[in-house]
There are 2 protein chains.
Amino acid sequence: MAARMTRQRTAVVEALDELADFRSAQQLHETLRARGESVGLATVYRALQALAEASEVDVLRAEDGESLYRRCARREHHHHLVCRHCGRTVEIDGPTVEAWASKVAAAQGFDDIEHTIELWGTCADCRAASAG
Amino acid sequence: MAARMTRQRTAVVEALDELADFRSAQQLHETLRARGESVGLATVYRALQALAEASEVDVLRAEDGESLYRRCARREHHHHLVCRHCGRTVEIDGPTVEAWASKVAAAQGFDDIEHTIELWGTCADCRAASAG
DNA sequence: AATAAGGTGAGAATCGTTCTCATGACATCG
DNA sequence: CGATGTCATGAGAACGATTCTCACCTTATT
Ligand SMILES: [Mn+2]
Ligand SMILES: [Mn+2]
Ligand SMILES: [Zn+2]
Ligand SMILES: [Zn+2]
């Protein structure tokens, strides 16, 4: 239960706080390395796991299956619109889809509904940068 | 381009046609093995890949990251309500969410929008079987 | 049958993630 | 202080789904 605050965990949380976008464990590890905060890769994974379980970070799967982590502003349930090129993220509220999801599932006699709703696209900056 | 009809591809398609639920490549491989239709695992992956590209099968990611495949009745875009216990699947139409997704993304200046929308729950049969 | 274009499969290679285990940090108790 | 129990760390091994390699079959087509 404890969850001791160690130099390593502090470093991971701080790095997340400074980053606005979803990042992989390996990217975070590299970032920490680069600033001299040496933290083992396994430790980064463990810290992220703990944070995810405590709902302190959101996790989502990139198309290639890699897990991406982000410290969102909101603790409450929400979804994301993510740029697949730069990772830029917008938090999304979806009262409309929330209602739709539970209605549809109930109509089919399903219980304990969960939903996965994520939007991917190309942000304005990335569109401008790549073509015009 | 060709896409020759080989014994192996036929076997994969037939197996998919007989299964109502989402299955992994490895499960399909095992199923084929069990019925004496010997097909290499790599070939199963390649067949599923080709079918997915041709929109003949739908692919979704299980929570552990494994890809699951299903030959849906509908060829058009749709979503799924899946029982997390038995894999029972209901195809879902979502004009409401389709509209919501593109509106939200456009409002943020995003292009080339894609969305992931999947519903997970416990089907009526599984609820009845487990408790009451 | 000859041939070109694909397809196949056993095993190696990838790669993100998890596990192992010896070592280190910390708090508590006496 | 020194002993002790608990949790954390990290280098590298292990895992597991998927992809790649490459020598060898199949299938269309002529
Ligand atoms: Mn929601
Ligand atoms: Mn849709
Ligand atoms: Zn972008
Ligand atoms: Zn069920």
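Just so it is clear: chains get the letters A, B, ... in the order the sequence lines come, proteins before strands, and each one is counted from 1.
Side chain of Arg4(B), nearest nucleotide from dG7(C), dG16(C), dG10(D): dG7(C). In this structure, of dG16(C), dT18(D), dA11(D), it is dA11(D) that holds the atom nearest to the side chain of Ala42(A). With distances taken from any side-chain atom of Gln26(A) to the nucleotides dG7(C), dT17(C), dG9(C), the minimum falls on dT17(C). Listed candidates were dT8(C), dT17(C), dT9(D). Nearest to the side chain of Gln8(B) is dT8(C). Residue Arg9(B) places its side chain closer to dG7(C) than to any other of dG7(C), dA11(D), dC20(D).
In this model, a donor atom of one side chain and an acceptor atom of the other lie less than 3.5 Å apart for Ser67(B) and Arg61(B).
Atom CD in Gln49(A) sits roughly 13 Å away from atom C1' in dG16(C) (whole-Å rounding). The nearest whole Å value for the distance from the CZ atom in Arg46(A) to the P atom in dA8(D) is 9 Å. Straight-line distance from the OH atom of Tyr45(B) to the C1' atom of dA10(C): 15 Å, rounded to whole Å. Atom pair Arg23(B):CZ and dA17(D):C1' shows a separation of 18 Å (rounding to whole Å applied). We find that CG of Leu48(A) is positioned 14 Å from C1' of dT18(C), with the value rounded to whole Å. For the pair Leu68(B) CG and dT18(D) C1', the interatomic distance rounds to 14 Å; values are reported in whole Å. Remark: P of dG7(C) and CE of Met5(B) are 12 Å apart, rounded to the nearest angstrom. Atom C1' of nucleotide dA25(C) and atom CZ of Arg7(A) are separated by 11 Å, given to the nearest angstrom.
Backbone-only contact: Ser67(A) has heavy atoms under 4.0 Å from sugar-phosphate atoms and none from a base. Among the protein residues, Gln27(A) comes within range of no part of the nucleic acid, since none of its heavy atoms lies under 4.0 Å from any strand. No contact: Arg61(B) has no heavy atom under 4.0 Å from any strand.
Salt bridge Asp93(B)/Arg74(B): present, at least one basic N to carboxylate O contact under 4.0 Å. Under the 4.0 Å criterion applied to side-chain N and carboxylate O atoms, Arg70(B) and Glu91(B) are assigned as salt-bridge partners.
Look at Thr6(A) and you'll find a side-chain N or O under 4.0 angstrom from OP1 or OP2 of dT9(D). Checking the phosphate oxygens (OP1, OP2) of dG10(D), a side-chain nitrogen or oxygen of Thr43(A) falls inside 4.0 Å.
Positionally, the nearest nucleotide of DNA chain C for Arg33(B) lies more toward the 5' end than for the other of Glu66(A) and Arg33(B).
Ring-plane geometry between His79(A) and His115(A) is classed as tilted, the angle between the planes lying from 30 to 60 degrees on a 0 to 90 degree scale.
Among residues two or more places apart in sequence or in another chain, the side chain to side chain donor-acceptor pair (under 3.5 Å) test is passed with Glu114(B) by Arg84(A).
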